[in-house]
Student: 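Here you go, one structure.
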Amino acid sequence: MTAGPGIAGSRPLPSIGDYGLIGDTRTAALVSSDGAMDWLCVPRFDGPPVFGRLVGGPPAGTFRAGPARAAAVVERRYRPLTATLETTWAVGDRRLTLTEGMVAEVTGRLLPATIVVRRLSSEGGAVDAVVEFDPRLGEHHRPPRLRRDRRTMVCQWGSLAVSLGCTPELTVEPGRPTPITVTPERPVTLVLAVAHREPLVHVDPAAAWDLLARDEARWRAWTAQIDESVPFRAAVERSLLTLRLLTYSPSRAPVAAPTTSLPEDPGGVRNWDYRYVWPRDASIGIGAFLGVGKPEEARGFLSWLLHASRLERPRLPVLLTLDGRHAAPERELPRWAGYAGSVPVRTGNGAADQHQLDGYGWVVDAAWVLVQAGHPLYSETWRAVRGFVDLVVQRWQEPDAGIWEIRDDTAQHVHSKLMAWLAVDRALRIAETHRLRSRQRQRWQTAREAIAAEVRARGFDPVKGSYARSYGSDDLDAALLVLPLLGVEDVDSPRV
């Protein structure tokens, strides 16, 4: 892959998989292999983008630092056990490396909440490079109001401000490529600081580089606590580190993705806003962290979930904002180009108002995983779980939208029934060590048997010799691969 010169409009977007993630557990940026930061929302994951070229096209802004002319990428990696990304290009017989990351831990210090650090360094001699800085805020790609002092340039939109500092000093004109020369003796360090409804603190680039190094040390210490016996340890470490980067640290809410409207199929219309928290995903994360010896993160997920859902109990919301609120109504952004022409680009998520029965199964199963690991539920947690299960017992026969969040008519999804069975089954297991009224226990046992019987009778398609997506359907459903793990059918059953 090569990196091309200057103007954002002349550079085609790379594949989605080309983008690397950097983050600070409050927001995250996506950076392509040509050094272009094409996505960054501020001040948090679900805020407006200040660089949105990924789905908004060139008018939505970008921040590129890389070679001035086309150059081949010879290495791209994360520094071991850290969230710091390195991209190295071959420029003739020389090398240019972009090292970048965000500072995750700023609590209790006089620092901006978001600090992005980017450093260009060279080997083998001087290399011509370019910096392109073009912040454009939000839906309407608003250009900033600019002011400068000797050390920094400040871009401001009302209560939001972004500053750019550089060592050596560099005069950058937003929207115009700025040529620079990087030598082995003089790397170029860029620091982006963000302030929202607070004073904008300027961070010296040299100090910011030191902050990033300390942040790397914290990530190494965090990954060192992962159970040493875990197989495929390197892959597990990277996956868990990414999950942690996508956990909003002020509330401990795990965001599904830091982006909106990246297409399921390029050029298609299934482009959704995933900058929210799905209880289903959060529950799966509990098992992932517990399985590697990270109980604090697991408990944090469940604590957030129970706090966030408290206003709608016993109903479990399909998705929530990072601070536990109802998601904004879904709407389309007509002036956004979409990734590879994939329109519409959306903000908000209409699935928030759906009935999805499967979510209850994931949540109660996560509570059971905690109990199995030796972490009894607090009385309030157990009360919430009982409420969820009582609602499942009451509503399991109703059609729902299912795990695939079908936007048209609801259906009797087999996977949803299986997960309803799981919710009741896991709650009964928890009740073996937690208090439960005998009448409630009997009602749950009756429902568990009824759900299993109905799934076996109505969910199986004898023509295909397989369970179907929904009652009466001949469609298959990959989500049903969970069936052998549950016990609704025997593991050696020919129907599985």
Student: Tell me if the NE2 atom of His307 is crowded by more than 12 foreign heavy atoms within 6.0 Å.
Tutor: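 Atom NE2 in His307 is not packed in, count stays at 12 or less.
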Student: Can you tell me if Lys294 uses its side chain to pair, donor with acceptor, with the backbone of Gln225 under 3.5 Å?
Tutor: no
Student: Just wondering, more than 12 heavy atoms not from Arg147 lying within 6.0 Å of its CZ?
Tutor: no
Student: Going through the distances and angles, do Leu13 and Asp38 end up as a side chain to side chain contact (heavy atoms under 4.5 Å, CB included)?
Tutor: CA-CA 9 Å; Leu13 282 174; Asp38 286 334; 3.8 Å; yes
Student: Is the side chain of Ser342 donor-acceptor paired with the backbone N or O of Gly267 at a distance under 3.5 Å, no angle test?
Tutor: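 Answer holds: yes.
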Student: With side chain to side chain contact (heavy atoms under 4.5 Å, CB included) as the test, would you mind laying out the steps for Val203 and Leu211 before giving the verdict?
Tutor: CA-CA 10 Å; Val203 182; Leu211 287 170; 4.2 Å; yes
Student: Go through Leu240 and Phe289 one step at a time and tell me if the side chain to side chain contact (heavy atoms under 4.5 Å, CB included) criterion holds.
Tutor: CA-CA 8 Å; Leu240 290 173; Phe289 280 112; 3.8 Å; yes
Student: Taking atom CZ of Arg145 as the centre, report whether more than 12 heavy atoms of other residues, nucleotides or ligands fall under 6.0 Å from it.
Tutor: no
Student: Under the 6.0 Å and 45° cation-pi test, does Arg325 pair with Tyr276?
Tutor: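 Relative to the ring axis of Tyr276, which defines the angle, Arg325 lies outside at least one limit.
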Student: Strictly below 4.0 Å, N to O, side chains only: are Arg469 and Asp477 in salt-bridge contact?
Tutor: no
Student: Assess Arg407 against Trp272: is NZ or CZ under 6.0 Å from the centre of the six-membered ring, and within 45 degrees of the ring's axis?
Tutor: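 Yes, Arg407 lies over the aromatic ring of Trp272.
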Student: Would you call Arg53 and Phe63 a side-chain contact if the rule is heavy atoms closer than 4.5 Å?
Tutor: no
Student: Where the side chain of Glu100 meets the backbone of Arg118, is there a donor-acceptor pair that is under 3.5 Å apart?
Tutor: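 Pair absent, no side-chain N/O of Glu100 close to backbone of Arg118.
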Student: Quick one, Leu246 and Phe45 - any side-chain contact, counting heavy atoms below 4.5 Å?
Tutor: yes
Student: Arg197 side chain to Leu160 main-chain N or O, any donor-acceptor pair under 3.5 Å?
Tutor: no
Student: Is there a donor-acceptor contact under 3.5 Å linking the side chains of Thr84 and Glu216?
Tutor: yes
Student: Assert yes or no for the condition that the ring centre distance of Trp404 to His413 is strictly below 6.0 Å.
Tutor: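 No: the rings miss the under 6.0 Å criterion.
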Student: So, Glu169 and Arg151, do they make that salt bridge, N to O below 4.0 Å?
Tutor: no
Student: So, is the end of the Arg95 side chain (NZ or CZ) under 6.0 Å from the ring centre of Trp89 and within 45° of the ring's axis?
Tutor: no
Student: Output yes when a side-chain donor or acceptor of Asp358 lies under 3.5 Å from a complementary backbone atom of Gly361, and no otherwise.
Tutor: no
Student: Checking side-chain polar atoms at under 3.5 Å, does Asp400 have a donor or acceptor matched by the opposite partner on Ser416?
Tutor: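 The criterion, which ignores hydrogens and geometry beyond distance, is satisfied for Ser416 and Asp400.
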Student: At their closest point, which heavy atom of Thr27 faces which heavy atom of Pro43, and how far apart are they?
Tutor: CB-O, 4.3 Å
Student: Kindly indicate whether the side chain of Thr260, heavy atoms from C-beta on, has any atom under 4.5 Å from the side chain of Trp39.
Tutor: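 A side-chain contact exists here, since the closest heavy-atom pair is under 4.5 Å.
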Student: Salt bridge between Glu139 and Arg331, side-chain N to carboxylate O under 4.0 Å?
Tutor: yes
Student: Arg94 side chain to Ala126 main-chain N or O, any donor-acceptor pair under 3.5 Å?
Tutor: yes
Student: Given side chains that start at C-beta, do those of Leu241 and Thr223 come closer than 4.5 Å, heavy atoms only?
Tutor: yes
Student: Applying salt bridge (charged side-chain N to carboxylate O under 4.0 Å, His left out) to Glu105 and Arg26, what does each step give before you reach the verdict?
Tutor: CA-CA 10 Å; Glu105 184 52 68; Arg26 291 173 299 279; over 6 Å; no
Student: Report yes or no: does Arg244 contribute a side-chain atom to a donor-acceptor pair with the main-chain N or O of Trp219 at less than 3.5 Å?
Tutor: no
Student: Can you find a side-chain donor-acceptor pair between Trp278 and Glu405 that sits under 3.5 Å?
Tutor: yes
Student: Could you tell me if Arg44 sits above the aromatic ring of Tyr248, with its cationic atom closer than 6.0 Å to the ring centre and no more than 45 degrees from the axis?
Tutor: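 Positive - Arg44 is close enough to the ring of Tyr248 and near enough to its axis.
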Student: Would you confirm whether Asp18, through its side chain, and Ser32, through its main-chain N or O, come within 3.5 Å as a donor-acceptor pair?
Tutor: no
Student: Once you round to the nearest 0.5 Å, how far does CG of Leu370 lie from CG of Asp365?
Tutor: 10.5 Å
Student: List the steps, then state whether side chain to side chain contact (heavy atoms under 4.5 Å, CB included) holds for Thr178 with Val130.
Tutor: CA-CA 5 Å; Thr178 302; Val130 67; 5.6 Å; no
Student: Just by distance, with hydrogens left out, do Ser163 and Thr152 show a side-chain donor and acceptor under 3.5 Å apart?
Tutor: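 Checked: Ser163/Thr152 side chains show no N/O donor-acceptor pair below 3.5 Å.
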Student: Looking only at heavy atoms, what is the nearest atom pair of Gly56 and Trp336, with distance?
Tutor: CA-CE3, 3.2 Å
Student: Any salt bridge linking Arg79 with Glu86? Criterion: basic side-chain nitrogen under 4.0 Å from a carboxylate oxygen.
Tutor: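 Counted as a salt bridge, because a side-chain N and a carboxylate O are separated by less than 4.0 Å.
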Student: Could you tell me if Arg238 sits above the aromatic ring of Tyr78, with its cationic atom closer than 6.0 Å to the ring centre and no more than 45 degrees from the axis?
Tutor: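 Yes, Arg238 lies over the aromatic ring of Tyr78.
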Student: Which pair of non-hydrogen atoms, one from Pro67 and one from Val91, has the smallest distance, and what is that distance?
Tutor: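 Of all heavy-atom pairs spanning Pro67 and Val91, the closest is CB-CG2, 4.3 Å.
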Student: Quick one: does NZ or CZ of Arg299 land under 6.0 Å from the six-membered ring centre of Tyr378, within 45 degrees of the ring axis?
Tutor: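 Verdict for Tyr378: a cation-pi partner in Arg299.
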Student: Do Thr87 and Arg76 pair up side chain to side chain, a donor and an acceptor below 3.5 Å, judged on atom types alone?
Tutor: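 Yes, side-chain donor-acceptor contact under 3.5 Å.
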Student: So, for Arg346 and Ser261, which heavy atoms are closest and what is the spacing to 0.1 Å?
Tutor: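 Distance-wise, the nearest heavy atoms are N-OG, 2.7 Å.
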Student: Would you check if the side chain of Asp134 reaches a backbone N or O of Pro174 as a donor-acceptor pair within less than 3.5 Å?
Tutor: no
Student: Mark yes or no for whether Arg252, through its side chain, and Ala298, through its backbone, hold a donor-acceptor pair below 3.5 Å.
Tutor: no
Student: Mind listing the closest non-hydrogen atom pair of Ala195 and Glu198 along with its distance?
Tutor: CB-O, 3.7 Å
